[in-house]
Protein chains: 2
Amino acid sequence: MSITIKKIAEICNVSRGTVDRVLNNRGKVKPETESFVRKIAEQMGYEPNPAGKALAAKKKNIVVGVVLISEGNPFFDEVIRGIREAEKEYTAYGVRVLIQTMHGYDVEEQCRLMEEVGSQVNALILNPISDLKIQHKIDQLVERGVFVVTVNTDIENSKRSCYVGSDYINGGETACGIMGVLTGGRAKVGVVTGSFKVAGHNQRIAGFKKVMEKKYSQIEILEIVESEDDDILAFEVTNRLLQAYPQLDALFITAGGVYGACRAVLSQARQQHIKIVSFDSAPNTVEMLKQQVIDVTIYQHPYTQGRKAMQIVFSYLVNGLEIKKEKHILKNEIKVLENL
Amino acid sequence: MSITIKKIAEICNVSRGTVDRVLNNRGKVKPETESFVRKIAEQMGYEPNPAGKALAAKKKNIVVGVVLISEGNPFFDEVIRGIREAEKEYTAYGVRVLIQTMHGYDVEEQCRLMEEVGSQVNALILNPISDLKIQHKIDQLVERGVFVVTVNTDIENSKRSCYVGSDYINGGETACGIMGVLTGGRAKVGVVTGSFKVAGHNQRIAGFKKVMEKKYSQIEILEIVESEDDDILAFEVTNRLLQAYPQLDALFITAGGVYGACRAVLSQARQQHIKIVSFDSAPNTVEMLKQQVIDVTIYQHPYTQGRKAMQIVFSYLVNGLEIKKEKHILKNEIKVLENL
DNA sequence: TTGTAGGCGTTATCAC
DNA sequence: GTGATAACGCCTACAA
């Protein structure tokens with residue numbers, strides 16, 4: 001049988017209340033009793049019972065805020081689905097969720113939403129814009145006692161408690177790893193990135209180069225162009241890329257604009273098949289996989305990102321678990337049509 | 001606030017005990033009260049609180065038995081790790097785990113272990129040999145009230161409640177999907193399978209052929225040989241395969257013997273790189289990935305299989321949840337060295 | 001500074 | 001058949 005507060009209380013000859021005060025650092029305990037209780041609890045290997053905690057936590061009425069740059073982005077639809085699923089599971093514990101979505105990368109707008117949502121909640125799940133202002137806003141909310149979790153994009157220097165998402169460097173490494181076996185280790189690659197201003201995109205390119213240098217001396221990057229995650233722009237820049245480099249035989253698409261880039265490839269109707277590695281599985285991307293335009297795409301577990309973020313919030317707020325892992329990194333998975 | 005048994009009791013003007021009897025089909029309730037309570041509960045959308053259930057379940061002292069053909073198989077080391085991890089988490093609810101491992105595919109031995117373990121437990125997690133005797137033993141245990149979950153291999157016709165594992169057909173489809181992009185849709189493939197007696201291996205081949213026919217008219221299987229999951233045998237049969245078919249340029253390894261097959265490929269030192277797709281990530285397989293002998297390997301989430309099986313047992317036994325999904329299928333993931 | 005008691009939701013055990 | 005009551009482990013008022 002497991003150790004309970006009650007048992008510790010009996011052994012220490014104090015009341016359950018006192019043990020609770022010690023174990024949860026509520027103060028108002030004589031130092032001697034405190035250290036004694038702590039010693040016994042330690043000795044017996046006390047582990048709080050999550051069910052008991054959860055039951056008692058019902059009265060707390062916990063609200064979790066969510067701010068995501070998700071509108072028009074199918075990736076985040078999945079993240080939200082994960083959050084909603086977890087919400088369902090946690091309503092029994094008095095947890096509510098408050099979601100605010102936004103469209104573009106407007107720092108002021110995100111700050112405003114963070115303030116609006118943050119002032120009503122115990123925790124905030126956030127897909128932050130990489131900007132100093134946002135970092136400060138995070139810190140400010142944390143100071144006010146909000147438990148902040150970043151998803152998909154991290155701001156390491158902020159006071160946020162956790163990050164849930166993928167490792168972008170490894171995403172690039174994985175992309176090069178699979179590109180290597182796709183091309184027999186010999187390729188002239190055009191890179192269509194989202195923006196040089198987005199850290200994640202740059203990290204993917206860095207990871208790609210890292211594996212290139214270490215493992216594939218015959219893979220070469222011809223040029224890197226920006227699509228601003230826009231299909232029309234992607235179409236144009238990819239077209240130019242293809243025209244400029246007739247020898248190009250592979251594309252590495254680090255971000256959005258996948259469909260536009262693919263359409264450019266289709267429009268040029270080259271003899272040789274151009275190998276394409278992309279990210280995520282937006283409907284358009286899946287369509288291009290079906291048409292065998294894209295060879296593989298790399299998947300970042302969006303649903304799990306949402307779910308996991310909620311789990312972390314829950315176990316902190318409801319079960320009072322200390323955060324052990326500051327970063328929860330999900331694998332970069334390689335997908336073909338068959339295992340999507 | 002959510003609906004509780006207490007609230008329903010108040011509304012129906014009965015005691016909580018009566019509501020509990022109705023909702024858990026314990027009998028000894030007047031039919032009128034029964035249907036009335038049921039109606040109200042339905043109407044209000046009653047959902048039992050898992051924490052409450054878990055707390056009350058502590059007295060039950062649940063024991064989960066595990067019988068795995070795991071010895072000498074790194075895949076199952078991971079499954080066991082998943083089970084152990086879940087065990088830790090569930091000890092707080094009075095759940096104990098009893099693991100028995102075995103070595104080869106000895107039906108009598110497995111039957112004996114199933115009986116030995118099965119007679120002391122409330123649930124059994126089993127990696128079954130595909131044999132009628134095992135099926136009967138499962139049914140027998142189920143009749144005796146044991147909750148049976150199969151992992152990694154299923155026996156569909158048995159009375160087991162759940163299966164946790166991968167979809168073998170899809171495993172083969174995925175293998176062909178990635179083989180297609182590896183080879184530009186043009187390959188002469190040798191298949192090294194484990195045994196024609198093992199359903200899962202045959203299903204992988206079937207899935208592979210399915211995608212071949214639908215999508216890759218230029219991929220062709222030259223011959224299928226058996227390795228009996230043994231490296232030495234795999235070495236020999238692969239060697240013969242390579243000698244018999246100089247035009248062979250790809251290997252599909254459906255099961256064990258991966259290392260032996262790779263060594264055969266290395267020993268023949270062909271000019272052209274032979275593309276290899278295998279399953280799982282045993283240490284030897286990882287080594288061959290590192291040496292760029294194997295191009296990709298397909299991963300079946302062994303850790304998650306163990307964890308999920310425990311989760312299912314827990315939510316059934318402790319939370320009394322009805323089983324909604326009879327099969328919990330994990331994705332076949334494509335791995336290169338970089339995203340292992 | 002410490003103890004007591006009631007409640008979170010469910011269930012098992014009595015007593016009626 | 002049914003109801004009352006005491007757990008399960010934890011937390012929070014309030015009383016001392």
Side-chain angles (χ1 to χ4, degrees), chain A residues 1-37 41 44-62 90-95 315 317-321, chain B residues 1-38 41 44-62 89-95 315 317-321:
Chain A
M1 271 295 104
S2 39
I3 315 307
T4 68
I5 285 189
K6 198 175 147 193
K7 268 188 211 151
I8 296 175
E10 279 166 18
I11 292 172
C12 297
N13 260 317
V14 294
S15 74
R16 298 178 268 154
T18 302
V19 178
D20 173 68
R21 278 185 283 266
V22 172
L23 263 25
N24 293 289
N25 311 305
R26 299 188 213 284
K28 314 198 178 190
V29 183
K30 212 201 304 176
E32 298 101 271
T33 23
E34 156 129 23
S35 64
F36 183 56
V37 168
M44 308 192 59
Y46 169 76
E47 288 287 341
N49 180 314
K53 286 222 174 201
L55 220 39
K58 270 216 78 170
K59 318 166 189 178
K60 283 189 189 163
N61 219 288
I62 289 163
Y90 298 148
T91 39
Y93 304 94
V95 174
S315 65
L317 253 35
V318 175
N319 290 327
L321 292 186
Chain B
M1 271 295 104
S2 40
I3 314 306
T4 67
I5 285 189
K6 197 175 151 194
K7 269 188 210 151
I8 295 175
E10 278 165 18
I11 292 172
C12 296
N13 260 317
V14 293
S15 73
R16 296 179 269 158
T18 301
V19 177
D20 173 66
R21 278 185 284 265
V22 171
L23 263 24
N24 294 289
N25 311 304
R26 298 188 216 282
K28 312 196 181 194
V29 183
K30 214 199 303 173
E32 299 102 89
T33 19
E34 155 130 25
S35 63
F36 183 56
V37 168
R38 223 177 268 287
M44 307 192 60
Y46 169 75
E47 288 286 341
N49 181 313
K53 286 221 175 203
L55 217 40
K58 271 215 79 169
K59 317 164 190 178
K60 284 189 188 163
N61 219 287
I62 289 164
E89 197 175 312
Y90 297 149
T91 38
Y93 304 94
V95 174
S315 65
L317 252 35
V318 174
N319 289 327
L321 290 187

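Small disclaimer: the values here were computed from a predicted structure and weren't measured.
Expressed to the nearest 0.5 Å, how far CG of B/Asp20 lies from CD1 of B/Ile5 amounts to 5.0 Å. Here the straight-line distance linking atom NZ of B/Lys53 with atom CG of B/Asn24 works out to 4.5 Å at 0.5 Å rounding.
Not a single salt bridge (Lys or Arg N to Asp or Glu O under 4.0 Å) links A/Arg16 to another residue, sequence neighbours left out.
Side chains of A/Lys60 and A/Leu317 form no contact here, defined as non-hydrogen atoms less than 4.5 Å apart. At least one side-chain heavy atom of B/Ile62 sits under 4.5 Å from a side-chain heavy atom of B/Val318.
If you measure from atom CG of A/Asn61 to atom P of D/dT12, you get 14 Å, rounded to the nearest angstrom. The CD atom of B/Glu47 sits 10 Å away from the P atom of C/dT10 (whole-angstrom rounding). Nucleotide C/dT10 holds its P atom 5 Å from the CD1 atom of B/Ile5, rounded to whole Å. Atom CG of B/Leu23 and atom P of C/dG9 are 15 Å apart (whole Å). Between B/Asn319 atom CG and D/dC8 atom C1' the separation is 14 Å, expressed in whole Å. Nucleotide C/dT2 holds its P atom 13 Å from the CZ atom of A/Phe36, rounded to whole Å. We find that CZ of B/Arg26 is positioned 12 Å from P of C/dT10, with the value rounded to whole Å. The interatomic distance linking A/Lys53 (NZ) with D/dC11 (P) rounds to 4 Å, in whole Å.
Contact annotation: B/Lys58 does not reach the phosphate of D/dA7 (side-chain N/O to OP1 or OP2, under 4.0 Å). When the side-chain nitrogen and oxygen atoms of A/Thr4 are compared with OP1 and OP2 of D/dC8, none of them lie within a distance under 4.0 Å. In this model, the phosphate group of C/dT11 is approached by a side-chain N or O of B/Asn24 to a distance below 4.0 Å at OP1 or OP2.
With DNA chain D read from its 5' end, the first of the two nearest nucleotides for A/Ala57 and B/Gly27 is the one closest to B/Gly27.
Annotation for A/Ser2 and B/Lys58: closest pair OG-NZ, 2.7 Å, computed over non-hydrogen atoms. The shortest non-hydrogen separation linking A/Leu23 to A/Ala41 is CD1-CB, 4.0 Å.
Base engagement by A/Asp20 is indicated by at least one non-hydrogen atom pair under 4.0 Å involving a base atom. If you check every strand for non-hydrogen atoms under 4.0 Å, A/Tyr93 touches nothing. Within the 4.0 angstrom heavy-atom criterion, only backbone atoms of the sugar-phosphate kind lie near B/Pro48; the bases stay farther away. Among the protein residues, B/Asn13 comes within range of the sugar-phosphate backbone only, with heavy atoms under 4.0 Å from sugar or phosphate atoms but none that close to a base.
Here C/dT10 is the nucleotide among C/dG9, C/dT2, C/dT10 with the atom lying nearest to any side-chain atom of B/Tyr46. Considering only side-chain atoms of B/Val29, the nucleotide from C/dT10, D/dC11, D/dT2 that sits closest is D/dT2.
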Run the numbers on A/Glu47 and B/Thr91 for side-chain contact (heavy atoms from CB on, under 4.5 Å), then give the verdict.
CA-CA 10 Å; A/Glu47 288 287 341; B/Thr91 38; over 6 Å; no
Pairs under 3.5 angstrom, nitrogen or oxygen only, protein versus nucleotides 4-7 of chain C, please.
from, atom 1, to, atom 2, distance (Å)
C/dA5, N7, A/Arg16, NH2, 3.4
C/dG6, O6, A/Arg16, NH1, 3.4

